[in-house]
Chemist: 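Before I ask anything, let me first share the structure, which is written out below as structure tokens.
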Amino acid sequence: MLPQNIEKIKEVRTKTSEVLSDLLRSQKFVLDALEQCDEKSYEQAMEPIKGINKKVEVIDQLVVTVMVRYSPEARDLREMIAFLKIASSLQRLATNEKNYIKNMKICNENTEPEVKKIILESLSINRCTIRAIEYAIDMIEVTDDKEKLREIASRIDVEASKTDDIYTMLEKDVLQRMNQEHMINEDFVNALKYIRKNLKILDRLEDISSKLIFARIGGTL
Amino acid sequence: MLPQNIEKIKEVRTKTSEVLSDLLRSQKFVLDALEQCDEKSYEQAMEPIKGINKKVEVIDQLVVTVMVRYSPEARDLREMIAFLKIASSLQRLATNEKNYIKNMKICNENTEPEVKKIILESLSINRCTIRAIEYAIDMIEVTDDKEKLREIASRIDVEASKTDDIYTMLEKDVLQRMNQEHMINEDFVNALKYIRKNLKILDRLEDISSKLIFARIGGTL
Amino acid sequence: MNTTQKPIMEIKDLRFIYPGAAQPTLKGNNLTIYENQITAMIGPSGCGKSTLLRALNRIHDLYPGCKYDGEILLRSNTTGEMNDILKLRKENEFIKLRQQVGMIFQKPTPFPMSIYDNVAYGLRLSGIKNKGELDGRIEKALKEAAIWDEVKNRLNDSAMGMSGGQQQRLCIARSVALKPKVLLFDEPTSALDPISTAAIEELISELKKDVTVVIVTHNMQQASRLSDYTTFMYLGDIIEFGPTEEVFLNPREKLTEDYITGRFG
Amino acid sequence: MNTTQKPIMEIKDLRFIYPGAAQPTLKGNNLTIYENQITAMIGPSGCGKSTLLRALNRIHDLYPGCKYDGEILLRSNTTGEMNDILKLRKENEFIKLRQQVGMIFQKPTPFPMSIYDNVAYGLRLSGIKNKGELDGRIEKALKEAAIWDEVKNRLNDSAMGMSGGQQQRLCIARSVALKPKVLLFDEPTSALDPISTAAIEELISELKKDVTVVIVTHNMQQASRLSDYTTFMYLGDIIEFGPTEEVFLNPREKLTEDYITGRFG
Amino acid sequence: MGGRLFKDFSLFSATLSLFLLIGIFAVLFSYAQASLHEFGFNFLYMEQWEIGEDDEGGVFGGYIPIIGTLLTTLIAMVIATPLAMGIAIFLTEIAPAAIIKPFSIAIELLAAIPSIIYGMWGLFYFAPIVQTLFGGNGVGLLTAGIVLAIMIIPFMAAITRDSMNTAPDVLKESAYAIGATKFEVIKDIVMPYSKGGIIGSVILALGRALGETMAVAFLIGSVMAIPQKITDPTTSIPVLLANNFAEAQDLEMSSMYYLALILFVVSFALISMAKVYFMRKR
Amino acid sequence: MNRLLLNKIILILSTLSAFVGIGFLFWILVTLTYKGVASLQLTTFTHDLVEGGIRNLLVGQFTMAGIATLVTVPLGVMAGIYLREYGNATRVTSIIRNLSDIMTSAPSIVIGVFVFAFLVEPFGTFNGWAGAASLGIMMLPIIISTTDNMLALVPKELREAGIALGGSKHKIILQIVLQAAKVGVTTGILLSFARIIGETAPLLFTSSNNQFFTMDMNSQFPSLTVSIYNLATYPDEASRNLAWAASFVLTAIVLFINLVGRFVTRSKHL
Ligand SMILES: Nc1ncnc2c1ncn2[C@@H]1O[C@H](COP(=O)(O)OP(=O)(O)OP(=O)(O)O)[C@@H](O)[C@H]1O
Ligand SMILES: Nc1ncnc2c1ncn2[C@@H]1O[C@H](COP(=O)(O)OP(=O)(O)OP(=O)(O)O)[C@@H](O)[C@H]1O
Ligand SMILES: [Mg+2]
Ligand SMILES: [Mg+2]
Ligand SMILES: O=P([O-])([O-])[O-]
């Protein structure tokens, strides 16, 4: 195999890692922002995801180049197809993240303390997301060790199901409270809805991990 | 080129057409439902999009097969990559459609007449969407006639910009009315938001059309 | 690839030693050839692909001193039983075997006679003398080999004057005329240009309606686009055998994957 | 592919007629060869790829009666001017040209002498007699051709005993030793197995650091993975020329596309 | 320049052989003039070979040596051709690998043995056998023919084998692969494929037999007489030349040149024919 | 089955004929060895013909063949080079090539006649030069055509590779093409030497023969083969025995050279 080819394939990986790192930074800023109710951090969080669409296009183009020039087979082909699919997922991830940040701006000095409390509780979800993104980045690095790949993939799954549990608890909590106070607080409902965006991000990350499993271990797409 | 290869490529096209047709049927049911405020039609509209995820998986798998077995080049390669990307878009389209239908269930016998009026007015957007889907289906059939492809693509763009215009007018209308009545009607705002889902569908269709242009005419992805 | 496929040949623990060779060239191979399927054999040069292929119609036995071990079963037309072709000893048994298991080589091998006689040759050997029947079978074979239109007006010209690709198709017609059950191809296109290659590939993929095909090829793309099953051989061993798409997309063995992705050696 | 690429050769309206041929084999071709880039020539058999390639160092002129028309410009090392090599007439001018524009053939062509002498041969022809300098240049060339490790302990063995792939790399070393500006390859791997092929391809893609490469190949995958620019020829005409990725992803001409996607003829 | 000199010298060498051939023809023709003038084409069927009074003039006809040459050659060809084909077939298609090599070498060595050895061996060992089997006095047409046959067999067999070997293995294998027997492969594939070469080798052997001197000189009896039986002694052109050329004078000498010319022209024609066949091989 | 039976019969016949052929070789070689060795004495090699030895004959035969070879080899090889390297398949080249091929098989006696006409008759005496000339004429076409054929086996890419490295044509021919064909050409020379060393007919009336030891090429020159012919026809036993001895020596030399040629070809890789 020509070294240029291997280079190009590596570049696809690196670019994908980069996009995930962008998301990671964004998530971390959001977490900061929410913990400290610091409005400026929202803007900072928006910053890294602005360039993602462009970067995804670059990934797509790199994959096309590899396909055109090297007609990859087996593992290489699986990897290229997987990354093409992952690129689409990354775009979605970025959109979800953007929506999440926009919506979470509701959390500022004027936010009702009760709502704020829910949001603060929901931050364990964010921490899970951050860990899951970190795992996904790790996964891209692992090319040969099937055991390790499966292990990381399962950790991502664990984070995803943890978030599900956390959200379920949060929801129960909110509903109980609303029941007690015999009223429907729009803000509560909205907060829950926005938090759910974060779950979608984890969904996508699971998706990416399964594509990486296809790339590195095989099976069907 | 082996006939089996050509067969497989055709199959990818057919399957993609099928998914678009599913969406088309769904859109038509929704239109019916909204025109007649017939709740049953919402259920009917959900029906065709239920199988889409499975079908998209089949398309992905077909593309992988073609790539593995035939190492396509040039036009064939562009087409396969385009359809892989289109498959991702189709999934998104289906999600948007599902959300739209779910949200639009607000339009029933109990709906406030004013809101209903807005929704009825928004139905020209739906008609645009329907036409755009039809165009997209047509486009898949056109493999060689570049002129025709460009023409259909521009028609899809026209539909998309028409919907933008329609939406802008609707929005202005609603805002004016709310201004006049000095109140913020949540229902109005929500209706607008749900209608916007439809715009996203048109966005995706434009995306698909540009991928088809890449497949058939070339350029960058 | 459905599950109703019937084995037509089965290779069991086949060892093969060339005369005078110290080491066996095939070291206990197992392989099933399914009816009306195309099975490709790939692997680096010298791994034993041709050797295995040539065992399937015992063409090795033209040269004395080859040693076989194990079994090569071929399904009988009449009884449906699997008979071991390694048990054959008599010349007329060999002749019958080779009429059932035909072979096409890397370089086209037109006989030095007319186009018509090339195809008629095998038929005559198999006892068909009647002119009408011959004509019919020859036309049919030439049509099946997708070369009828090009030669129908010059059946009496020498076959040596045809282009390489045409000659190869003529050779295929010659084999097909005998209605063999299995056709063995040893790199049938490696001496041809891409256009003739495409024609032969198309022809082979048409043929599988009627016969079972086993093809050795150096060209992995060819194996992947043409075959239903693929065998990867290395140093006289069958390393991997499976449906082509599986072998090329999800090879089980690292050796296979390295070879397919060009990271070999 | 940046825009700072400098042409090293330019072919202008080149027509070429073989001695005794009624039709020109090349019918007015225009092509630019960029410095330190790999330019591939593809096209169906007989379209004139080898003919065009062989015009670039005028090896055609070994056989009398070839007619050229048009210009083939080669950039001069010293003045940087583009000089028309079709104007050359004298034997020592040809010799100088061929030392600048080397050539590697389909079949490896080791000379019947030792490995060392094979590489030394061209150097000696070019006037280098000093043993120390020879040794140095030879080691360097063999290293550049990625074959030093395999031969350093048997430099005095005959070159005929090497494997095909090694012989081909030796021939490349032999050419490289002369520090040519341009190296012409005519299907350099079509006689080699996939593994040797991979080694040669890697070597060629390394070489482009120092020399400009023009390569004729039947293997489209090879052209696409190896070259920076691709030329598609058909019936003596250059149909399309452009950056390889463009030619293979977005060919401008239908003919090119049909050829590349295997829908040709 | 060295290159120029080199080329010119090579051209000179190449034309040399051309001039030699023309020279031979011209010399033979001009020395044969006297006889040609005297006897014209009648020479071919005149039986007398009588030296005139005082070594002046005389009547010379080539009929006897010509007939002798033709008959020995005919006998040789009839015997040699089937045997040589048999050997060639054995070597290409039948012999096990281990035997082919030594057998081929033996055949080729047989072809390399100088003709005079065949003559001597024939004279002392073979002629007596022919005498006991067929009568006569040992030397004569039949003995000469048989020994000539033995001499050209290895030559013919070697060239025929080479031609047959040009039939590619895959071609034969593909005939076997549609159920042919060995003989059918030889008859239908190998022979037609190498037809030109085989015919060429037969003609070439014929030319050899015609011009053969020493093997025949020992065995034909060298008698200027028309043979009545197959065992009768007679003479042939080369033998007549070998034995009498140096002593001949004037018109007889010229007639000898005439004979040499005939021999030369006939073998020239035969070899050219053989060449045409060799070239048509494919 | 009829086909199979026919097949068997033909195969048996072929095998039989092969053994008949090889039988004759054995017969000839065995009698030759038997008679030859029996007649060989040490004096056979140390004495000249007059004293019942073959010393002068061997020397004479080798001298003539040697001179023929020395003159013919450069001419023949150069001619072969011209035909293959410079001739460029023109008409003239192909005429020369064909005529030279035909000359290879020209009857040897006719060459004797030719040489007699212009090297013996004008000088009035048989002489060694004439013998050497007729052997040379026999040898020339053989060397031309082996050189030609051997050069043809050198792939044209090898020449082109040399030229592409910047060699001039004659250097490439000498240093590469001829090198590559070296073994074949050498074998050809060896074999043609073996061929002429056993020739009789062209010597009969060119060199004729000489009973005495001489190196004077202007006089009748001793010849082994001519002597064999003469000796064999003498009635006395001693002459015949000497003929057998000489034949044995001659055959041994010829076969030895042939075997050497074969060995050289086999170890082709330099
Ligand atoms: N007739 C023979 N006698 C002895 N060994 C042989 C013979 N033919 C082939 N071999 C050896 O058997 C091994 C397998 O050869 P085979 O021709 O089957 O390989 P292959 O996979 O077909 O290679 P390729 O791709 O080069 O055709 C090689 O090592 C070869 O050297
Ligand atoms: N020496 C020659 N004399 C006359 N015509 C020639 C000669 N060499 C090649 N040709 C003709 O010139 C045309 C181009 O030949 P060329 O060898 O350049 O083709 P190519 O593209 O290299 O083909 P391939 O892929 O088969 O090598 C062919 O039609 C061929 O027949
Ligand atoms: Mg093989
Ligand atoms: Mg070429
Ligand atoms: O071969 P001859 O010397 O007998 O002609």
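Naming convention: chains lettered A, B, ... in sequence-line order (proteins, then strands); numbering from 1 in each chain. The analysis underlying the following values was restricted to heavy atoms, covering all of them including side chains, and did not include hydrogens, waters or symmetry mates.
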Chemist: Please flag which part of F:I173 lies under 4.5 Å from any non-hydrogen atom of chain E: side chain, backbone, both or neither.
Modeler: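 The side chain, not the backbone.
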
Chemist: Between F:F26 and chain E, with a heavy-atom cut-off of 4.5 Å, which part of the residue counts as in contact: side chain, backbone, both or neither?
Modeler: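 Neither part.
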
Chemist: Quick check: do E:L20 and F:F114 have side-chain heavy atoms less than 4.5 Å from each other?
Modeler: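 Yes - at least one pair of side-chain heavy atoms lies under 4.5 Å apart.
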
Chemist: Kindly determine whether E:F126 and F:F24 satisfy side-chain contact (heavy atoms from CB on, under 4.5 Å), including the steps that lead there.
Modeler: CA-CA 11 Å; E:F126 201 73; F:F24 276 113; 4.1 Å; yes

Chemist: Say you draw a straight line from NZ of E:K275 to CG of F:D101; how long is it, rounded to the nearest 0.5 Å?
Modeler: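 If I round to the nearest 0.5 Å, the distance is 3.5 Å.
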
Chemist: Heavy-atom cut-off 4.5 Å, strictly under: side chain, backbone, both or neither for E:F268 against chain F?
Modeler: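 Both backbone and side chain.
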
Chemist: Which atoms of F:L29 come close to chain E, meaning under 4.5 Å heavy atom to heavy atom: side chain ones, backbone ones, both, or neither?
Modeler: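 Contact with chain E is through the side chain of F:L29 alone.
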
Chemist: Could you check if a side-chain atom of F:I28 sits within less than 4.5 angstrom of a side-chain atom of E:M151, using non-hydrogen atoms only?
Modeler: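 A side-chain contact under 4.5 Å is absent here.
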
Chemist: Does the side chain of E:L263 reach to within under 4.5 Å of the side chain of F:I109, using non-hydrogen atoms?
Modeler: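 Of all side-chain heavy-atom pairs linking F:I109 with E:L263, at least one is under 4.5 Å.
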
Chemist: Below 4.5 Å, heavy-atom pairs only: which of E:I89, E:I153, E:I150, E:L18 has the largest tally toward chain F?
Modeler: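 So the answer, after comparing E:I89, E:I153, E:I150, E:L18, is E:I150.
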
Chemist: Give the ring-plane orientation class for E:Y125 versus F:W244, where under 30° counts as parallel, over 60° as perpendicular and anything between as tilted.
Modeler: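 Perpendicular, since the angle between the ring planes exceeds 60°.
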
Chemist: Taking non-hydrogen atoms and a cut-off under 4.5 angstrom, which of residues 246-255 of chain F neighbour chain E?
Modeler: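 Heavy-atom contacts from residues 246-255 of chain F to chain E are F:S247, F:L250, F:T251, F:V254, F:L255.
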
Chemist: What part of F:L11 gets within 4.5 angstrom of chain E, counting heavy atoms only: side chain, backbone, both, or neither?
Modeler: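 Contact with chain E is through both the backbone and side chain of F:L11.
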
Chemist: Should the pair E:W121 and F:W27 be assigned to parallel (<30°), tilted (30 to 60°) or perpendicular (>60°) ring geometry?
Modeler: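 Plane angle over 60°, so perpendicular.
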
Chemist: So for F:E85, is it side chain, backbone, both, or neither that comes closer than 4.5 Å to the heavy atoms of chain E?
Modeler: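 Interface part for F:E85: neither.
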
Chemist: Is it the case that over 12 heavy atoms from other parts of the model lie below 6.0 angstrom from the OH atom of F:Y34?
Modeler: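 Open: at most 12 neighbouring heavy atoms sit under 6.0 Å from OH of F:Y34.
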
Chemist: Taking C-beta and beyond as the side chain, do F:T225 and E:M214 meet within less than 4.5 Å on heavy atoms?
Modeler: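 F:T225 vs E:M214: side chains apart.
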
Chemist: Distance check, rounded to the nearest 0.5 Å: F:L99 atom CG versus E:I22 atom CD1?
Modeler: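 Taking CG in F:L99 and CD1 in E:I22, the distance rounds to 7.5 Å.
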
Chemist: Evaluate whether atom CZ of E:F25 has more than 12 neighbouring non-hydrogen atoms of other residues, nucleotides or ligands under 6.0 angstrom away.
Modeler: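 At most 12 heavy atoms, drawn from other residues, nucleotides or ligands, come within 6.0 Å of this atom.
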
Chemist: Enter the distance from E:I94:CD1 to F:T15:OG1 here, rounded to the nearest 0.5 Å.
Modeler: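 The OG1 atom of F:T15 is 4.0 Å from CD1 of E:I94, to the nearest 0.5 Å.
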
Chemist: Among F:T93, F:I137, F:N7, F:I96, which residue has the highest count of heavy-atom pairs closer than 4.5 Å to chain E?
Modeler: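 Heavy-atom pairs under 4.5 Å are most numerous for F:N7.
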
Chemist: Would you say the side chain of E:F6 lies within less than 4.5 Å of the side chain of F:M78, judging by non-hydrogen atoms?
Modeler: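 When only atoms from C-beta onward are counted, E:F6 and F:M78 do touch, with a gap below 4.5 Å.
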
Chemist: Using a cut-off of under 4.5 Å on heavy-atom pairs, state which of F:I102, F:I257, F:L16, F:L140 scores highest against chain E.
Modeler: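 Top count of heavy-atom pairs under 4.5 Å with chain E: F:I102.
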
Chemist: Would you mind telling me which of F:L191, F:L75, F:V120, F:T233 has the largest number of heavy-atom pairs within less than 4.5 Å of chain E?
Modeler: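 Between F:L191, F:L75, F:V120, F:T233, the count favours F:L75.
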
Chemist: Using a 4.5 angstrom heavy-atom cutoff, name the option from F:A243, F:A117, F:A194 with the most pairs to chain E.
Modeler: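 Most pairs with chain E among the choices: F:A117.
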
Chemist: Please rank F:I111, F:N98, F:I197, F:V115 by heavy-atom pairs under 4.5 Å with chain E and give me the top one.
Modeler: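 Max contact count across the listed options: F:N98.
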
Chemist: Which members of residues 100-111 of chain E, sorted by number, sit under 4.5 angstrom from chain F on a heavy-atom basis?
Modeler: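 Checking residues 100-111 of chain E against chain F gives E:K101, E:F103, E:I105, E:A106, E:I107, E:E108, E:L109, E:L110.
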
Chemist: Distance from E:L16 atom CG to F:T72 atom OG1, nearest 0.5 Å?
Modeler: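 It is 9.5 Å, given to the nearest 0.5 Å.
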
Chemist: Heavy atoms only: give me the nearest F:Y82-E:A14 pair and the separation to one decimal.
Modeler: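 Looking at all heavy atoms of both residues, the shortest contact is CD2-CB, 3.7 Å.
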
Chemist: Stepwise, does the ring-ring contact (aromatic ring centres under 6.0 Å, His included) test hold for E:F218 with F:Y229?
Modeler: CA-CA 8 Å; E:F218 277 100; F:Y229 183 46; 5.2 Å; yes

Chemist: Is chain E contacted by the side chain of F:L174, its backbone, both, or neither, given a heavy-atom distance below 4.5 Å?
Modeler: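 Contact with chain E: side chain only.
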
Chemist: For chain F, which candidate among E:L241, E:I117, E:L11 shows the most heavy-atom pairs at distances under 4.5 Å?
Modeler: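 Greatest number of close heavy-atom pairs with chain F: E:L11.
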
Chemist: Heavy-atom distance under 4.5 Å between the side chains of E:M256 and F:V113, does that happen here?
Modeler: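 Side chain of E:M256 against side chain of F:V113, heavy atoms only: no contact under 4.5 Å found.
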
Chemist: Is it true that F:Y86 and E:D8 share a donor-acceptor pair across their side chains at a distance under 3.5 Å?
Modeler: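 Looking only at side-chain atoms, F:Y86 and E:D8 do not form any donor-acceptor pair under 3.5 Å.
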
Chemist: To the nearest 0.5 angstrom, please state how far the CZ atom of E:F124 sits from the NZ atom of F:K35.
Modeler: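 Atom-to-atom, E:F124:CZ and F:K35:NZ are 8.0 Å apart.
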
Chemist: Find out whether F:P107 and E:T213 are in side-chain contact, i.e. whether some heavy atom of one side chain is under 4.5 Å from a heavy atom of the other.
Modeler: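 No, their side chains stay 4.5 Å or more apart.
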
Chemist: Do you know which of E:A157, E:A95, E:S17 has the most heavy-atom pairs under 4.5 Å to chain F?
Modeler: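 Answer, by heavy-atom pair count under 4.5 Å with chain F: E:S17.
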
Chemist: For the candidates E:A246, E:A242, E:P238, which exhibits the highest count of non-hydrogen atom pairs separated by less than 4.5 Å from chain F?
Modeler: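 When all of E:A246, E:A242, E:P238 are compared, E:A242 has the most.
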
Chemist: Based on non-hydrogen pairs under 4.5 Å, which of E:E93, E:R208, E:M85, E:E184 is most in contact with chain F?
Modeler: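 Most heavy-atom pairs within the cutoff with chain F belong to E:E184.
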
Chemist: Starting at CD1 of F:I144, measure out to OG of E:S13 and round the result to the nearest 0.5 Å.
Modeler: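 These two atoms lie 8.0 Å from each other.
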
Chemist: Return the minimal non-hydrogen interatomic distance between F:G21 and E:I87, and the atom names on each side.
Modeler: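 For F:G21 and E:I87, the tightest heavy-atom pair comes out as CA-CD1, 4.2 Å.
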
Chemist: Of the listed residues (E:G211, E:A274, E:P114), which shares the most heavy-atom pairs with chain F below a 4.5 Å separation?
Modeler: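 Of the options given, most contacts go to E:P114.
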
Chemist: Just so I understand: if I count every heavy-atom pair under 4.5 Å between each of F:A79, F:A232, F:G87 and chain E, which residue has the most?
Modeler: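 Most heavy-atom pairs within the cutoff with chain E belong to F:A79.
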
Chemist: Between F:A106 and E:F264, which heavy-atom pair has the shortest distance, and what is it?
Modeler: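 That closest heavy-atom pairing would be CB-CE1, 4.1 Å.
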
Chemist: E:L204 versus chain F, heavy atoms under 4.5 Å apart: side chain, backbone, both or neither?
Modeler: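 For E:L204, the side chain is the part near chain F, not the backbone.
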
Chemist: So do the side chains of F:F116 and E:M253 get within less than 4.5 Å of each other, counting heavy atoms only?
Modeler: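 Of all side-chain heavy-atom pairs linking E:M253 with F:F116, at least one is under 4.5 Å.
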
